[in-house]
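One structure is given here, and the rest of the page talks about it.
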2 protein chains.
Amino acid sequence: MSKGVNLKELSQRLNLSQTTVSRALNGYPEVSAETRRRVAEMADRLGYAPNSQARRLATGRSMAIGHVIPRSIHEMMNPIFLEFIAGAGETYSRHGYDMTLTVVDDTHEEDAYRQIASRKKADGVIIHSPANEERRHLLLRELNLPFVVHGRIPGAEAETTWVDMKNRRAFERATNLLLDLGHTRIALLNGLEHMDFAHRRRRGFEDALAARGLAPDPALMRRADMTEPYGCENAMAMLGSDNPPTAFLVSSMISAIGVARAVGQCGLKVGKDVSIITHDDALSFLPNCGEVPIFTCTRSSVRYAGEKAAELLLAMIADPTAKPSSLHMDAELIIGQSTGPAPSPGPGKAAS
Amino acid sequence: MSKGVNLKELSQRLNLSQTTVSRALNGYPEVSAETRRRVAEMADRLGYAPNSQARRLATGRSMAIGHVIPRSIHEMMNPIFLEFIAGAGETYSRHGYDMTLTVVDDTHEEDAYRQIASRKKADGVIIHSPANEERRHLLLRELNLPFVVHGRIPGAEAETTWVDMKNRRAFERATNLLLDLGHTRIALLNGLEHMDFAHRRRRGFEDALAARGLAPDPALMRRADMTEPYGCENAMAMLGSDNPPTAFLVSSMISAIGVARAVGQCGLKVGKDVSIITHDDALSFLPNCGEVPIFTCTRSSVRYAGEKAAELLLAMIADPTAKPSSLHMDAELIIGQSTGPAPSPGPGKAAS
DNA sequence: GCGGCCATCCAAACCGCTTTGGATTTCGCT
DNA sequence: AGCGAAATCCAAAGCGGTTTGGATGGCCGC
């Protein structure tokens, strides 16, 4: 635990060559057990730790994974992004990799990737929240930089490695649940639909309606950044209209909380007068659990997705020739307190 | 924009030495204008970019700032942390620094710092959310690793560089506002008080009460992770008690939303029957603005704090001999829709 | 005409590690 | 004994930059 010796000093103290010491520490076989022991002991007596820059230079691997976040992402995806990062970070550190974040404004995103590639700042990157017409994967391919996608790139599913949940399926099931409860006027508060995930969710919603011969009502569909006020304002407007929805399908817990606030402000009860189903990314600061969760939801842990995406990326780096393999996760459909049978339509309904 | 040449190849193509090329590119004076031009031109024709590992090794500076997040932090501070990071990240990239995150479980936090120091992974670090009895700064001092604190370390204010808001003052003012509105039963939903910021906030609350000769009621004080359910459940319990509060002072928007939900569920109106003041970290996904913000709040941008903390750290690295200099920011007190005069006490009050 | 001073440029050392290509010793086996 | 294989270990060559300590040549002043 002293100041910090380097390999040279360490090897001198041991009367061994740098080669042998290096090999002993890195677990190569051509060194005797006894020597290895001596080396290990001296190494930690002197508090030796290899300089990572030197090691990286020598091995040609930067032992880091890059995440570039354009401002547009982190404006809205904030909490989800961090949760993903937290999951990925664990995997990285377990494998001795570092994680570097680059915050850039949207116009410099491409530059950021080029820099990572040309200056060898990372061995691979993660693509976050792919859009409908995505181009980053083409650039990365050209730069020869391994990557995995959190989400899917439409049209490139087969040739890329990705981790995603079944967005369409989840919202289809959620919609069916509402339909089964008798709701027919269902509002959709979606995320920005130029993002792939939101696009798929809408399809799930529409498919479920169509399967029962219902057409979606454009007046009940919104798309935007998934903030709390977004949920509240739109729900308020819809509930105030003359043909209000009896149920909401919401793309994020945060907006769902806003919807719940609106419902309360209208003097209605969530789960009784108005049903809400939300997607739940299992964010740690927005727990939706307990005996009966507050919100009925489709749940899929973003954190877990981060862990898995990281594993796939590291595997890809370790063996660049391997075929792309992806992870397609089902969301859980969890019944909470926010759903109930559709209220009977007739006005002036009697009690009980 | 070709594959990627290195300095050697570049210098050969130019019939110059590596020395000269390196100097030309790094802006040293001992190279003629003409040569510099030629070098620059060829460099970008061949798409030359210096290998960062090599440069780091040669210069001995890692050009990176480390952030280590123990699991305990990111469980609860999630969104705030990311917002800070986003601010800091901008500063870093503007100065050519990288940002590396290390996610560790609490027991390995110290190891993480030791590794950063001994393997030279970063030139400095940021200490996040200091506790009441904090020890990280001692370790970092011992490791000789420059750092700045986001928040303050009690007892070490003078000898460390930090960026913090005036927590005590903010909550004192907020409490005074409520008192001025006639509220006397004010509940405090605080963050975990083993953290310095929460501790200060409570003092602000208590000081304001004391100044008017009021004693805080322990039944109206809570401390915990600032989740949404935390706000809701506790507000619910307090509002259901036989001597309920008429106002809430909350440490985080997220919990405040929970409080608002509870108020609604009790059939009461926020800003009329019950007042709420929250601290607002100006998180981008929880906007609390508009003509009249939803919540009356004390606001201080965490993002800005991140930018500033990063600047201080980089300055400190550039000149290690400089005296510690800190940034102590005032929070804005912003009147929103969630506060109003205390309702008249008498039960069975007549209308209007 | 000559020493001195800039202005330019370069060869080589160095940063701290990994890895190649032997050298040396030991040992089993015929 | 003799020999090849196996076990250990090492000197030195990278990795791709930066930086030190000169070289070289032109120009000025005396």
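First the proteins, then the strands, lettered A, B, ... as listed; each starts at 1. Keep in mind that this is a model prediction, so the values were computed, not measured.
Looking at heavy-atom distances under 4.0 Å, A:Arg23 makes contact with a base. Residue contacts shown for B:Gln53 are absent, as no nucleic acid heavy atom lies under 4.0 Å away. Heavy atoms of B:Ser52 sit nowhere under 4.0 angstrom from any nucleic acid atom. Within the nucleic acid shown, A:Thr19 comes within 4.0 Å of at least one base atom, counting heavy atoms only.
Between B:Arg135 and B:Glu110 no salt bridge is recorded (no basic side-chain N to carboxylate O distance below 4.0 Å). A:Arg13 and A:Glu9 are not joined by a salt bridge, as no carboxylate oxygen comes within less than 4.0 angstrom of a charged side-chain nitrogen. Under a 4.0 Å N-O distance rule, the pair B:Arg56/B:Asp98 qualifies as a salt bridge.
Taking atom NZ of B:Lys120 as the reference point, atom P of C:dC17 lies 9 Å away to the nearest angstrom. Remark: C1' of C:dC17 and CD of A:Glu9 are 13 Å apart, rounded to the nearest angstrom. If you take CG of A:Leu57 and P of C:dC17, they are 12 Å apart, rounded to a whole angstrom. With rounding to whole Å, A:Leu7 atom CG is found 13 Å from C:dC15 atom P. Between the CG atom of B:Asn6 and the P atom of D:dG17 there is a distance of 5 Å, given to the nearest Å.
Distances from the side chain of A:Thr59 to the nucleotides C:dG16, D:dC10, C:dT18 place C:dT18 closest. With distances taken from any side-chain atom of A:Ala58 to the nucleotides C:dT18, D:dC9, C:dC9, the minimum falls on C:dT18. The side chain of B:Asn26 sits closest to D:dT18 out of C:dT18, C:dC9, D:dT18.
A donor-acceptor pair under 3.5 Å is formed between the side chain of B:Arg136 and the backbone N or O of B:His128.
Residues A:Ser62 and A:Lys121 are not in side-chain contact: their nearest non-hydrogen atoms beyond the backbone lie 4.5 Å or more apart. At a threshold of 4.5 Å between non-hydrogen side-chain atoms, the residues A:Pro324 and A:Glu159 do not count as touching.
Using the six-membered ring where Trp is involved, B:His150 and B:Phe84 have ring planes that are parallel, under 30° apart on the 30 and 60° scheme.
One finds a side-chain N or O of A:Tyr48 lying less than 4.0 angstrom from the OP1 or OP2 phosphate oxygen of C:dC17.
The terminal axes of the helix from C:dG1-D:dC30 to C:dT30-D:dA1, fitted over 5 pairs per end, subtend an angle of 60° to the nearest 10°.
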